[in-house]
Every structure is written in C-alpha cells, then in structure tokens.
> 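One structure coming up, written as structure tokens, with questions to follow.
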Amino acid sequence: MKPYAVLLLFASLVPQASAAMIPYYRMDEMAFLSSDIVLCDEIKSEAGHYPTSVYHTYEQVTMTVVQTFKGSLKPKESIKVKFDGVYTRRSDRGFSGGTDRKEAPMGRVLVFLKKSDDGDWRPVTGGAKLILNGEAHCYGQFISNPGPLWLARMAPENIEVADDKPYGEELLVKDLEAALVKSAKIKEVGWRSADDSVIRKPLRPKQRLSPDRH
C-alpha cells in the first residue's frame with residue numbers, strides 16, 4: 001500500500017471531502033491551529049477505512065520524530081498520524097514537469113498536528129510539508145475545486161529565497177520559525193484559496209522524483 005494516501009480518481013474520492021472547498025492555511029495559521037509541530041521521517045503506512053463508510057478511506061503513517069518545534073513530542077519518538085483519503089501523493093503538474101502523476105515516495109515531512117476526539121494524531125487542514133528532491137512541497141486544492149489535495153512546490157512565506165535557490169529543509173525550518181513568532185498574534189484564521197499565485201513555485205522542467213533522506 002502506498003504511503004498515507006489512497007490515490008483515487010475524482011469519482012471515487014471521499015464524498016464528504018471531494019465535494020468541499022478546502023481552505024489553504026499558511027504556516028503561521030497552521031501553527032495557531034496545531035498543538036504539535038514536528039519534523040519527521042516517514043517509516044511505513046497502513047490503509048484503512050472508517051466504519052461508517054467503506055468509501056471514507058485513510059492512511060495511518062508511522063513516523064519517527066526528528067525535531068520538535070511545538071508541543072511535547074520528543075526526537076526519536078514514534079507516532080502514528082492518520083491522513084484522510086483526500087490527501088494524495090501526487091504533484092499538481094507531475095514531478096517530471098509533464099502530465100504524469102508519479103507518486104511521492106516516503107521521506108521527510110514537517111507536520112502540523114492536533115489530536116482528534118478519538119485520540120488519533122491528525123494533521124490540521126493541509127498540515128504536511130513534504131521534502132522532495134531537496135525542496136519543500138505543500139498540499140492544496142490546486143487542480144479543481146471541489147477536488148482532493150495535491151502536492152506542489154511551495155513558495156517561502158516569511159523569508160526571502162532567490163528563485164534559483166532550492167527552498168529545502170533548512171530554509172523551510174527557518175521559515176517555520178518566523179511563522180511561529182507570527183502565530184502568537186493570531187486570534188483566528190481566515191479563508192485563503194489554493195489558487196493564490198504566491199503559494200506555489202514554478203515547476204522546473206525535467207524535475208526528477210526522489211525522496212529526500214538524511
């Protein structure tokens with residue numbers, strides 16, 4: 001089974017999720033919404049479905065904490081994070097810069113977490129930033145609305161990064177640290193569309209898909 005997303009066509013996506021307009025939150029807003037923020041290595045995933053519907057799928061991903069930015073989780077601690085089927089493991093335009101839909105491999109991920117009523121760790125809406133090809137990728141409803149959450153090369157939010165410089169893990173962490181400072185002043189989050197042009201960086205042609213491992 002593929003990592004923490006059952007890759008579904010629009011027609012077979014979770015009805016509740018695919019029919020909804022899903023907001024895009026910036027990292028300061030995600031920090032406000034989450035109880036824990038950790039950088040992790042993905043280890044394995046297990047697919048499942050909720051008992052109320054065979055169509056409402058999820059992937060439960062086992063992760064090892066690498067670094068903690070908020071909350072009580074500790075480095076080297078193992079956690080399981082449940083991602084609803086609305087999260088895909090595919091790029092908005094294909095990782096190779098074309099129309100293919102290659103699946104992102106397991107690797108390093110920054111997750112913004114909150115425990116659900118049933119005690120499961122879950123990401124806040126869109127709250128996972130994958131490191132692929134040495135660059136940060138974000139989740140958003142980039143292809144259609146309604147529709148699932150796709151991956152895209154993420155543009156920095158709180159720091160300046162030259163267009164020709166990879167926005168990788170080190171810069172993502174620096175960006176997050178600035179977001180954490182800003183989050184202390186937030187009282188409530190607003191609505192932001194994934195169509196906002198500043199969210200994504202242009203996809204370079206012939207970009208090769210590979211995990212970023214340390």
> Just wondering, do T125 and Y139 contact through their side chains at under 4.5 Å, heavy atoms?
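No; the side chains remain at least 4.5 Å from each other.
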> List the atom pairs, donor and acceptor, that lie under 3.5 Å between side-chain atoms in residues 27-39 and the rest of the protein, sequence neighbours left out.
residue: E29; atom: OE1; partner: R26; partner atom: N; Å: 2.9
residue: S34; atom: OG; partner: M30; partner atom: O; Å: 2.9
residue: S34; atom: OG; partner: A31; partner atom: O; Å: 3.4
residue: S35; atom: OG; partner: L113; partner atom: O; Å: 3.4
residue: D36; atom: OD2; partner: S72; partner atom: N; Å: 3.1

> Quick one: list whatever passes side chain to side chain contact (heavy atoms under 4.5 Å, CB included) with E177, sequence neighbours left out.
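Testing E177 for side chain to side chain contact (heavy atoms under 4.5 Å, CB included), a comparison that skips the adjacent residues, returns V173.
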> How long is the gap from CG on D84 to NE2 on H49, to the nearest 0.5 Å?
14.0 Å
> When rounded to the nearest 0.5 angstrom, what distance separates CG in D175 from CD in E157?
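Result: 5.5 Å between the selected atoms.
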> Can you check whether E103's main-chain N or O pairs, donor with acceptor, with R89's side chain at less than 3.5 Å?
no
> Could you check if a side-chain atom of R90 sits within less than 4.5 angstrom of a side-chain atom of W150, using non-hydrogen atoms only?
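They are in contact (side-chain heavy atoms under 4.5 Å apart), so the answer is yes.
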> Can any side-chain N or O of D196 pair as donor or acceptor with the backbone N or O of V198 at less than 3.5 Å?
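Such a contact is found between D196 side chain and V198 backbone.
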> Looking only at non-hydrogen atoms, find the nearest pair between P166 and V161 and report the distance.
O-CG1, 4.5 Å
> Verify, without hydrogens or angle tests, whether D41 (side chain) and T64 (backbone) share a donor-acceptor contact under 3.5 angstrom.
no
> Supply the atom-to-atom distance T62 OG1 to E42 CD, rounded to the nearest 0.5 angstrom.
10.5 Å
> What's the shortest heavy-atom distance between I79 and C40, and which atoms?
CD1-SG, 4.2 Å
> Using a 4.5 Å cut-off on heavy atoms from C-beta on, say whether the side chain of F112 contacts that of L176.
yes
> The criterion is side chain to side chain contact (heavy atoms under 4.5 Å, CB included); which residues satisfy it with P75, sequence neighbours excluded?
T68
> Can you measure from OG (S193) to CD1 (I22) and round to the nearest 0.5 angstrom?
11.5 Å
> Are K82 and W121 in a cation-pi setup, meaning NZ or CZ lies under 6.0 angstrom from the ring centre and within 45 degrees of the ring axis?
no
> Test side-chain contact (heavy atoms from CB on, under 4.5 Å) on Y24 and I199; report intermediate values, then the result.
CA-CA 9 Å; Y24 184 93; I199 288 173; 3.4 Å; yes
> Can you check whether G147's main-chain N or O pairs, donor with acceptor, with Q141's side chain at less than 3.5 Å?
yes
> Of all heavy-atom pairs between A47 and E59, which one has the smallest distance, and what is that distance?
CB-OE2, 3.2 Å
> Under the rule for side chain to side chain contact (heavy atoms under 4.5 Å, CB included), what residues qualify as partners of A136, not counting sequence neighbours?
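A136 satisfies side chain to side chain contact (heavy atoms under 4.5 Å, CB included) with I131, M154, Y167, L172 once adjacent residues are dropped.
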> I'd like to know if the side chain of Y58 and the backbone of E46 have a donor-acceptor N/O pair within less than 3.5 Å.
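No, the answer is negative, given that no donor and acceptor are paired below the 3.5 Å cut-off.
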> Looking only at atom types and distance, does a side-chain atom of Y87 sit under 3.5 Å from a main-chain N or O of G126, one as donor and one as acceptor?
yes
> How long is the straight-line distance from SG of C138 back to CG of L149, given to the nearest 0.5 Å?
10.0 Å
> Run the numbers on V111 and F83 for side-chain contact (heavy atoms from CB on, under 4.5 Å), then give the verdict.
CA-CA 11 Å; V111 283; F83 289 81; 4.3 Å; yes
> What residues, two or more places apart in sequence or in another chain, satisfy side chain to side chain contact (heavy atoms under 4.5 Å, CB included) together with S116?
D118, D120, R122
> Check residues 179-190 and write down every donor-acceptor pair under 3.5 Å in which the side-chain atom is one partner and the other belongs to a residue at least two apart or another chain.
residue: K182; atom: NZ; partner: N158; partner atom: OD1; Å: 2.9
residue: S183; atom: OG; partner: L180; partner atom: O; Å: 2.6

> Quick one: pull up CD in Q60 and NZ in K44 and give me the separation to the nearest 0.5 Å.
9.5 Å
